[in-house]
Amino acid sequence: MTREAILSYLTAPTADALFAEARRVRHATKGNGVFLRGLIELSSICDRNCLYCGMRHENPNVRRYAMQDDEIVACAALAAELNFGTVVLQAGECERLWTQARISQLIRRIKAETGQKITLSLGERSEADTAAWKAAGADRYLLRFETTDRSLFNRIHPGSPQTEEHPRIAQLKRMKAQGYEIGSGVMLGIPGQTLDSVVEDLLTFAELKLDMVGLGPYLKHPETPLGQSDQTSEVPVSADFTCRCYALTRLLLPNANIPSTTALSTLDPLNGRTLGLTSGANVFMPNLTPAFYREGYQIYPGKICVVAPQADSLDALKATFNELGLCQQQG
Ligand code: SAH
């Protein structure tokens, strides 16, 4: 697909034909299955100061917590009980807490005790760390590059290395070579982001041959520098625009796993997940973080999530699948 074609899909008055084509391709490559991945938010302690994220180090109003290893393994056991197949271990960035050895041991325990596949989402880490975790049995790594626009990336990630290559794209390439399935993605509507850069983001997903692409609208957190600024973006923060990006990603990478994200459901609590699942997405990530920790993990306010242990929440999700002719698929 050319740059011009992508830009015109993103800006056309309506996108019904694009969504229909994405559904057709999704059906051809993925059938009617939806993968459920159990999200475990290991900790809200973070050494970084990303300008958009509520968990940033300098926000004093975050309830900081860190889960114990036994609690994490218990969440993975719950994912197995619910036939999910995969858990995603995500955390604020803190190497003191999540050392190479501790994560390696956690991976071995989760594999041995629950049989779940493991996706790591622990931010920017060294080649040695990700190699050790692969050797311990990790399957996938999720690291959004957030934007291909280097000056925007540098501005919203203070202290980011001034390397020639985008540090997160460099890490994704290293991990692909190490044998990981790699997932990435961007936020849509970051102040200062341009439509041209979103076109570049989409083309970069294809260039990197991503196995998984996570895309969500940027949501203002009032206790962050970006949340307090009046700067706007020419990229709309809307469910429609987010879904156009799901659909284009599906056409560019027909086999990719594409989640209908929590950020999309937070922006449009009523219709978000239906819109996501009918514009090319085939993955959903229910939250398995224990209730007494969950409110500490506020990357943006009002995070709406399917809370997996709560049967009513999961039943409602499965009812949505049913209405759309989809069903849970283990993997
Ligand atoms: N520390 C890990 C996990 C971060 S949270 C890492 O950096 O990889 C996971 C994702 O949430 C981020 O990659 C970012 O794309 C998204 N996110 C963070 N703050 C957000 C906000 N205010 N609005 C929307 N998405 C946000």
Side-chain angles (χ1 to χ4, degrees), residues 37 39-57 59 62 64 66 88-95 97-98 103 119-125 129-130 140-149 152-153 156-161 166-172 175 180 182-193 198 201 205 210 212-229 231 233 235-239 241-242 245 259-268 272 285 287 289 294 296-305:
R37 264 106 207 224
L39 180 63
I40 310 176
E41 296 159 334
L42 308 190
S43 109
S44 62
I45 298 169
C46 192
D47 294 337
R48 300 257 170 157
N49 267 311
C50 304
L51 262 50
Y52 48 87
C53 181
M55 256 165 27
R56 66 200 304 274
H57 183 73
N59 182 0
V62 179
R64 306 284 175 180
V88 181
L89 308 186
Q90 190 176 84
E93 299 193 32
C94 184
E95 298 197 19
L97 202 53
W98 307 109
I103 293 292
T119 301
L120 298 174
S121 182
L122 302 172
E124 291 173 38
R125 299 293 297 236
D129 285 346
T130 55
R140 315 188 179 111
Y141 203 106
L142 174 57
L143 181 70
R144 290 190 180 176
F145 59 71
E146 314 295 2
T147 172
T148 42
D149 177 340
L152 178 59
F153 182 89
I156 63 180
H157 296 102
S160 180
H166 190 305
R168 291 190 162 213
I169 292 181
Q171 181 175 334
L172 288 161
M175 294 188 299
Y180 281 91
I182 52 169
S184 193
V186 299
M187 288 178 288
L188 300 164
I190 312 167
Q193 190 180 36
V198 172
D201 296 344
F205 300 156
L210 294 179
M212 188 269 208
V213 181
L215 293 165
Y218 159 73
L219 300 169
K220 273 186 177 215
H221 191 300
E223 284 155 350
T224 60
L226 217 55
Q228 288 162 4
S229 94
Q231 201 191 354
S233 172
V235 177
V237 172
S238 72
F241 188 86
T242 304
C245 291
S260 178
T261 56
T262 303
L264 174 60
S265 289
T266 301
L267 184 65
D268 186 345
M285 291 166 61
N287 195 312
T289 312
R294 216 178 299 131
Y297 203 87
Q298 286 274 345
I299 48 185
Y300 46 79
K303 200 157 55 99
I304 296 254
C305 40

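Start at 1 with the first residue, then count along the sequence. Order of appearance sets the numbers: ligands from 1, and atoms from 1 within every ligand.
Judged purely by distance below 3.5 Å, without hydrogens or angles, the side chains of T147 and D149 never pair a donor atom with an acceptor atom. At a cut-off of 3.5 Å, with distance as the only test, no side-chain donor of Y218 or Q193 sits close to an acceptor on the other residue.
Side chains of F145 and L172 form a contact here, defined as non-hydrogen atoms less than 4.5 Å apart.
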Does ligand 1 have any N/O atom under 3.5 Å from a protein N/O, and what are those pairs and their distances?
{"unit_1": "ligand 1", "atom_1": "1 (N)", "unit_2": "A91", "atom_2": "O", "d": "3.1"}
{"unit_1": "ligand 1", "atom_1": "7 (O)", "unit_2": "E93", "atom_2": "OE2", "d": "3.1"}
{"unit_1": "ligand 1", "atom_1": "7 (O)", "unit_2": "R168", "atom_2": "NH2", "d": "2.9"}
{"unit_1": "ligand 1", "atom_1": "13 (O)", "unit_2": "E146", "atom_2": "OE2", "d": "2.6"}
{"unit_1": "ligand 1", "atom_1": "15 (O)", "unit_2": "R144", "atom_2": "NH1", "d": "2.9"}
{"unit_1": "ligand 1", "atom_1": "15 (O)", "unit_2": "E146", "atom_2": "OE1", "d": "2.7"}
{"unit_1": "ligand 1", "atom_1": "15 (O)", "unit_2": "E146", "atom_2": "OE2", "d": "3.2"}
{"unit_1": "ligand 1", "atom_1": "22 (N)", "unit_2": "Y52", "atom_2": "O", "d": "3.0"}
{"unit_1": "ligand 1", "atom_1": "22 (N)", "unit_2": "L219", "atom_2": "O", "d": "2.8"}
{"unit_1": "ligand 1", "atom_1": "23 (N)", "unit_2": "L219", "atom_2": "N", "d": "2.9"}
{"unit_1": "ligand 1", "atom_1": "23 (N)", "unit_2": "L219", "atom_2": "O", "d": "3.4"}

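Salt bridge R294/E41: absent, no basic N to carboxylate O contact under 4.0 Å.
The minimum heavy-atom distance between G216 and T242, with the atom names listed, is CA-CG2, 4.4 Å. Closest of all the heavy-atom pairs between P191 and Q231 is CB-O, 3.5 Å.
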